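Structure record follows, encoded as C-alpha coordinates.
Because the structure is predicted, anything quoted here is derived from the model rather than measured. Letters go in sequence order (proteins before strands), and every chain restarts at 1.
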Amino acid sequence: MPELPEVETIVQGLKIAVTQQKIEQVKIYDPKVAKMLAGEDITGRRIINIRRRGKYIIFELNKGLALIVHLRMSGRLLYQQHEPQSNRWVRTVIKLDNGFLIFQDRRRLGVMEASCFSDLNCRLGVEPLSPEFNSDYLVQKLAVSKRPIKVFLMDQTIIAGIGNIYAQEILFAAGIHPQRQAVSLSNNEIERLVEAIKNVLMLAIRHQGTTISDFQNADAIEGNFQNLLKVYGRENEPCLVCQTPIKRIKQQGRSTYFCERCQK
DNA sequence: CCGCCAGCCTGAAGGC
DNA sequence: TGCCTTCAGGCTGGCG
(Lines give C-alpha, C1' and ligand atoms only; values in the text may rest on other atoms or scores of the structure.)
Protein backbone atom coordinates (compact mmCIF):
# COMPACT_ATOMS: atom_id res chain seq x y z
CA MET A 1 0.00 0.00 0.00
CA PRO A 2 2.58 2.43 -1.03
CA GLU A 3 3.01 6.13 -1.48
CA LEU A 4 5.80 7.84 -3.41
CA PRO A 5 8.77 6.72 -1.26
CA GLU A 6 7.65 3.09 -1.24
CA VAL A 7 7.01 3.05 -4.99
CA GLU A 8 10.37 4.71 -5.59
CA THR A 9 12.04 2.04 -3.45
CA ILE A 10 10.38 -0.73 -5.43
CA VAL A 11 11.37 0.83 -8.75
CA GLN A 12 14.99 1.31 -7.70
CA GLY A 13 15.08 -2.28 -6.48
CA LEU A 14 13.75 -3.62 -9.76
CA LYS A 15 15.70 -1.41 -12.12
CA ILE A 16 18.90 -3.40 -12.53
CA ALA A 17 17.11 -6.71 -12.29
CA VAL A 18 14.49 -6.32 -15.00
CA THR A 19 15.86 -3.77 -17.48
CA GLN A 20 16.54 -5.34 -20.89
CA GLN A 21 14.81 -8.57 -19.97
CA LYS A 22 12.25 -10.03 -22.32
CA ILE A 23 8.74 -11.01 -21.26
CA GLU A 24 8.53 -14.71 -22.06
CA GLN A 25 5.16 -15.53 -20.59
CA VAL A 26 2.32 -13.86 -18.69
CA LYS A 27 0.23 -15.98 -16.34
CA ILE A 28 -2.89 -14.29 -15.03
CA TYR A 29 -4.74 -15.72 -12.05
CA ASP A 30 -7.33 -13.01 -11.50
CA PRO A 31 -10.21 -12.23 -13.85
CA LYS A 32 -9.98 -8.53 -13.05
CA VAL A 33 -6.35 -8.43 -14.15
CA ALA A 34 -7.21 -10.53 -17.19
CA LYS A 35 -9.71 -7.89 -18.19
CA MET A 36 -7.24 -5.07 -17.61
CA LEU A 37 -4.58 -6.77 -19.72
CA ALA A 38 -6.96 -7.99 -22.42
CA GLY A 39 -6.33 -5.18 -24.90
CA GLU A 40 -2.67 -5.75 -25.62
CA ASP A 41 -0.40 -8.77 -25.68
CA ILE A 42 2.88 -7.95 -24.00
CA THR A 43 4.43 -11.37 -24.48
CA GLY A 44 7.69 -11.19 -26.40
CA ARG A 45 8.32 -7.53 -25.65
CA ARG A 46 11.46 -6.28 -23.99
CA ILE A 47 11.56 -4.05 -20.89
CA ILE A 48 13.51 -0.99 -21.99
CA ASN A 49 13.25 0.91 -18.73
CA ILE A 50 11.32 1.08 -15.46
CA ARG A 51 10.37 4.25 -13.72
CA ARG A 52 7.93 5.86 -11.30
CA ARG A 53 5.32 8.54 -11.93
CA GLY A 54 3.40 9.53 -8.82
CA LYS A 55 2.43 6.20 -7.28
CA TYR A 56 2.48 4.40 -10.62
CA ILE A 57 5.17 1.94 -11.68
CA ILE A 58 5.83 2.11 -15.41
CA PHE A 59 7.63 -0.59 -17.34
CA GLU A 60 8.51 0.92 -20.70
CA LEU A 61 8.38 -1.82 -23.31
CA ASN A 62 9.64 -1.74 -26.86
CA LYS A 63 7.37 -0.67 -29.69
CA GLY A 64 5.86 2.17 -27.71
CA LEU A 65 3.86 0.23 -25.17
CA ALA A 66 4.01 0.39 -21.37
CA LEU A 67 3.02 -1.99 -18.60
CA ILE A 68 1.55 0.18 -15.88
CA VAL A 69 1.12 -1.01 -12.29
CA HIS A 70 -0.61 0.71 -9.40
CA LEU A 71 -0.50 -1.12 -6.08
CA ARG A 72 -3.35 0.83 -4.43
CA MET A 73 -3.86 -0.36 -0.84
CA SER A 74 -2.53 -3.90 -0.69
CA GLY A 75 -0.56 -4.63 -3.85
CA ARG A 76 3.00 -5.87 -3.96
CA LEU A 77 5.47 -6.36 -6.74
CA LEU A 78 8.18 -8.94 -6.19
CA TYR A 79 11.04 -10.25 -8.28
CA GLN A 80 12.54 -13.64 -7.67
CA GLN A 81 14.45 -16.39 -9.42
CA HIS A 82 11.99 -19.20 -8.94
CA GLU A 83 8.38 -19.47 -9.92
CA PRO A 84 6.27 -18.62 -6.86
CA GLN A 85 3.97 -21.06 -5.15
CA SER A 86 0.63 -19.90 -6.34
CA ASN A 87 -1.61 -18.62 -3.60
CA ARG A 88 -4.85 -16.74 -3.62
CA TRP A 89 -3.17 -13.34 -3.57
CA VAL A 90 -0.98 -13.88 -6.59
CA ARG A 91 -2.72 -12.07 -9.46
CA THR A 92 -0.09 -12.22 -12.18
CA VAL A 93 3.24 -13.93 -12.74
CA ILE A 94 5.38 -12.54 -15.54
CA LYS A 95 8.17 -14.85 -16.63
CA LEU A 96 11.25 -12.97 -17.80
CA ASP A 97 14.48 -14.38 -19.29
CA ASN A 98 16.06 -14.55 -15.89
CA GLY A 99 13.39 -14.49 -13.21
CA PHE A 100 9.79 -13.94 -12.29
CA LEU A 101 7.96 -10.69 -11.69
CA ILE A 102 5.04 -11.30 -9.35
CA PHE A 103 2.02 -9.09 -8.73
CA GLN A 104 0.26 -9.92 -5.46
CA ASP A 105 -2.79 -8.05 -4.20
CA ARG A 106 -4.83 -9.08 -1.20
CA ARG A 107 -7.69 -6.64 -1.66
CA ARG A 108 -7.66 -6.72 -5.45
CA LEU A 109 -7.84 -2.96 -5.74
CA GLY A 110 -4.55 -2.75 -7.64
CA VAL A 111 -4.18 -2.09 -11.33
CA MET A 112 -1.99 -3.76 -13.94
CA GLU A 113 -2.58 -2.71 -17.50
CA ALA A 114 -0.82 -2.43 -20.80
CA SER A 115 -1.31 0.85 -22.57
CA CYS A 116 0.41 3.92 -23.84
CA PHE A 117 1.54 6.18 -21.10
CA SER A 118 0.42 9.63 -22.18
CA ASP A 119 -3.16 9.68 -20.85
CA LEU A 120 -1.94 8.68 -17.41
CA ASN A 121 0.69 11.38 -17.46
CA CYS A 122 -1.73 14.20 -18.15
CA ARG A 123 -4.05 13.15 -15.34
CA LEU A 124 -1.29 13.60 -12.77
CA GLY A 125 0.10 16.75 -11.17
CA VAL A 126 3.77 17.63 -10.80
CA GLU A 127 6.40 15.40 -9.24
CA PRO A 128 7.05 16.86 -5.79
CA LEU A 129 10.79 16.19 -6.02
CA SER A 130 11.18 17.92 -9.37
CA PRO A 131 12.24 21.58 -9.80
CA GLU A 132 8.81 22.33 -11.32
CA PHE A 133 7.35 21.83 -7.87
CA ASN A 134 8.12 25.02 -5.95
CA SER A 135 6.32 27.73 -4.03
CA ASP A 136 5.23 29.55 -7.21
CA TYR A 137 3.42 26.44 -8.39
CA LEU A 138 1.87 25.83 -4.99
CA VAL A 139 0.76 29.44 -4.49
CA GLN A 140 -1.15 29.30 -7.73
CA LYS A 141 -2.87 26.00 -6.89
CA LEU A 142 -3.64 26.82 -3.25
CA ALA A 143 -5.26 30.11 -4.20
CA VAL A 144 -8.24 28.41 -5.81
CA SER A 145 -8.89 25.64 -3.27
CA LYS A 146 -11.12 25.77 -0.24
CA ARG A 147 -10.42 22.21 0.78
CA PRO A 148 -8.55 21.34 3.97
CA ILE A 149 -4.81 21.40 3.29
CA LYS A 150 -4.40 17.71 4.17
CA VAL A 151 -6.98 16.68 1.59
CA PHE A 152 -5.40 19.09 -0.91
CA LEU A 153 -1.96 17.47 -0.49
CA MET A 154 -3.41 14.07 -1.35
CA ASP A 155 -4.96 15.28 -4.62
CA GLN A 156 -2.93 13.44 -7.28
CA THR A 157 -3.89 15.93 -9.99
CA ILE A 158 -2.04 18.66 -8.09
CA ILE A 159 0.96 16.83 -6.61
CA ALA A 160 1.59 13.23 -7.63
CA GLY A 161 2.61 10.74 -4.97
CA ILE A 162 1.57 12.00 -1.52
CA GLY A 163 -0.84 9.75 0.38
CA ASN A 164 -2.38 9.54 3.82
CA ILE A 165 0.76 8.89 5.88
CA TYR A 166 3.10 11.38 4.28
CA ALA A 167 0.50 14.15 4.09
CA GLN A 168 0.34 14.03 7.89
CA GLU A 169 4.07 13.81 8.44
CA ILE A 170 4.60 16.72 6.03
CA LEU A 171 2.06 18.92 7.83
CA PHE A 172 3.65 18.16 11.16
CA ALA A 173 7.08 19.05 9.78
CA ALA A 174 5.68 22.30 8.39
CA GLY A 175 3.78 23.16 11.59
CA ILE A 176 0.47 23.48 9.75
CA HIS A 177 -2.91 22.29 11.06
CA PRO A 178 -4.47 19.67 8.73
CA GLN A 179 -7.88 21.37 8.76
CA ARG A 180 -6.60 24.73 7.54
CA GLN A 181 -8.19 25.78 4.29
CA ALA A 182 -5.70 25.57 1.44
CA VAL A 183 -6.37 29.15 0.38
CA SER A 184 -5.66 30.48 3.88
CA LEU A 185 -1.93 29.64 3.94
CA SER A 186 0.49 32.56 4.15
CA ASN A 187 3.53 32.87 1.91
CA ASN A 188 5.71 31.89 4.79
CA GLU A 189 3.65 28.76 5.44
CA ILE A 190 3.74 27.85 1.76
CA GLU A 191 7.53 28.06 1.78
CA ARG A 192 7.65 25.80 4.83
CA LEU A 193 5.26 23.39 3.18
CA VAL A 194 7.38 23.07 0.03
CA GLU A 195 10.45 22.44 2.16
CA ALA A 196 8.62 19.87 4.27
CA ILE A 197 7.28 18.01 1.26
CA LYS A 198 10.72 17.66 -0.31
CA ASN A 199 12.51 16.87 2.94
CA VAL A 200 10.05 14.29 4.27
CA LEU A 201 9.81 12.46 0.95
CA MET A 202 13.58 12.42 0.41
CA LEU A 203 14.23 11.23 3.94
CA ALA A 204 11.65 8.47 3.54
CA ILE A 205 13.25 7.34 0.28
CA ARG A 206 16.64 7.19 2.02
CA HIS A 207 15.03 4.89 4.58
CA GLN A 208 13.45 2.71 1.88
CA GLY A 209 9.93 3.77 2.75
CA THR A 210 7.56 2.90 5.57
CA THR A 211 6.65 -0.67 6.45
CA ILE A 212 3.44 -1.00 8.42
CA SER A 213 1.58 -4.26 8.14
CA ASP A 214 2.80 -5.54 4.81
CA PHE A 215 4.80 -3.21 2.59
CA GLN A 216 7.92 -4.81 1.17
CA ASN A 217 10.15 -3.84 -1.68
CA ALA A 218 10.83 -6.01 -4.71
CA ASP A 219 13.26 -8.22 -2.79
CA ALA A 220 10.83 -8.60 0.11
CA ILE A 221 12.97 -6.22 2.19
CA GLU A 222 11.17 -3.92 4.61
CA GLY A 223 11.70 -0.18 4.85
CA ASN A 224 12.33 1.53 8.17
CA PHE A 225 10.81 5.00 7.94
CA GLN A 226 8.04 3.79 10.28
CA ASN A 227 10.57 4.34 13.09
CA LEU A 228 10.76 8.00 12.13
CA LEU A 229 7.03 8.72 11.93
CA LYS A 230 6.21 11.63 14.22
CA VAL A 231 2.41 11.66 14.19
CA TYR A 232 0.93 8.87 12.07
CA GLY A 233 -0.51 6.10 14.24
CA ARG A 234 0.43 7.84 17.48
CA GLU A 235 -2.99 8.81 18.87
CA ASN A 236 -2.74 9.86 22.54
CA GLU A 237 1.01 9.39 22.59
CA PRO A 238 3.05 12.49 23.51
CA CYS A 239 4.16 14.78 20.72
CA LEU A 240 7.88 14.24 20.19
CA VAL A 241 8.42 18.01 20.31
CA CYS A 242 6.06 19.35 23.01
CA GLN A 243 4.61 16.26 24.79
CA THR A 244 1.01 17.23 24.02
CA PRO A 245 -1.00 14.08 23.25
CA ILE A 246 -1.36 13.50 19.52
CA LYS A 247 -4.92 13.93 18.29
CA ARG A 248 -6.77 11.87 15.73
CA ILE A 249 -9.59 13.14 13.55
CA LYS A 250 -11.33 12.01 10.37
CA GLN A 251 -11.07 13.88 7.11
CA GLN A 252 -12.98 12.55 4.13
CA GLY A 253 -13.32 9.21 5.84
CA ARG A 254 -9.60 8.82 6.58
CA SER A 255 -7.65 9.21 9.78
CA THR A 256 -5.54 12.28 10.37
CA TYR A 257 -3.09 12.46 13.28
CA PHE A 258 -1.59 15.77 14.37
CA CYS A 259 -0.34 17.85 17.28
CA GLU A 260 -2.72 20.69 18.04
CA ARG A 261 -0.02 22.63 19.82
CA CYS A 262 2.72 22.41 17.16
CA GLN A 263 0.41 22.69 14.16
CA LYS A 264 -1.40 25.99 13.81
C1' DC B 1 -16.87 24.04 -11.27
C1' DC B 2 -15.89 22.25 -6.70
C1' DG B 3 -16.01 19.27 -2.78
C1' DC B 4 -17.60 15.13 -0.63
C1' DC B 5 -18.89 10.34 -0.25
C1' DA B 6 -19.97 5.62 -1.46
C1' DG B 7 -18.14 1.95 -3.70
C1' DC B 8 -14.56 -1.04 -5.02
C1' DC B 9 -12.27 -5.50 -2.31
C1' DT B 10 -10.40 -8.44 1.50
C1' DG B 11 -8.45 -9.39 5.93
C1' DA B 12 -7.20 -8.27 10.68
C1' DA B 13 -8.39 -6.65 15.09
C1' DG B 14 -11.33 -5.36 18.79
C1' DG B 15 -15.82 -5.31 21.32
C1' DC B 16 -19.62 -7.94 23.12
C1' DT C 1 -16.01 -19.34 19.68
C1' DG C 2 -18.68 -16.40 16.77
C1' DC C 3 -20.68 -12.38 15.10
C1' DC C 4 -20.49 -7.59 14.14
C1' DT C 5 -18.21 -3.30 13.40
C1' DT C 6 -14.33 -0.68 12.17
C1' DC C 7 -10.25 0.13 9.99
C1' DA C 8 -6.55 -0.16 6.38
C1' DG C 9 -0.39 3.60 2.94
C1' DG C 10 -5.98 4.68 -2.96
C1' DC C 11 -8.83 6.20 -6.62
C1' DT C 12 -13.15 6.89 -9.40
C1' DG C 13 -17.70 8.27 -10.61
C1' DG C 14 -21.68 10.38 -9.42
C1' DC C 15 -24.18 13.51 -6.63
C1' DG C 16 -25.50 18.04 -4.47
Proximal nucleotide (of dG10(C), dC4(B), dG11(B)) relative to the Arg147(A) side chain: dC4(B)
Centroid-centroid distance, Tyr166(A) to Phe225(A), less than 6.0 Å: yes
Nearest listed nucleotide, side chain of Met154(A), among dT10(B), dC8(B), dG10(C): dG10(C)
Closest nucleotide among dC11(C), dG9(C), dC8(B) to the Leu109(A) side chain: dC8(B)
Pair Asp136(A), Gln140(A): side-chain N/O donor-acceptor within cut-off below 3.5 Å: no
Integer-rounded Å distance: dC9(B) C1' and Arg72(A) CZ: 11 Å
Under-4.0 Å side-chain N/O to phosphate OP1/OP2 contact, Arg106(A) with dA8(C): no
Value in whole Å for how far the P atom of dG13(C) lies from CZ of Arg123(A): 8 Å
Under-3.5 Å donor-acceptor pair between Arg254(A) side chain and dA8(C) base: no
Interatomic distance, His70(A) NE2 vs dG9(C) C1' [rounded to whole Å]: 11 Å
Nearest to side-chain heavy atoms of Tyr232(A), which nucleotide of dT10(B), dA8(C), dC9(B): dA8(C)
Contact under 4.0 Å: Lys32(A) side-chain N or O vs dC8(B) OP1/OP2: no
Ion pair check, Asp155(A) and Arg147(A), cut-off under 4.0 Å: yes
Any Lys146(A) side-chain N or O less than 4.0 Å from OP1/OP2 of dC1(B): no
Whole angstrom value for the distance that separates P of dG11(B) from CG of Asp105(A): 11 Å
Full working for salt bridge (Lys or Arg N to Asp or Glu O under 4.0 Å) between Arg53(A) and Glu127(A): CA-CA 7 Å; Arg53(A) 175 77 172 94; Glu127(A) 283 294 324; 2.9 Å; yes
Donor/acceptor link under 3.5 angstrom from Arg107(A) side chain onto base of dC9(B): yes
P spacing across the pair dC7(C) / dA6(B), given as an integer number of angstrom: 13 Å
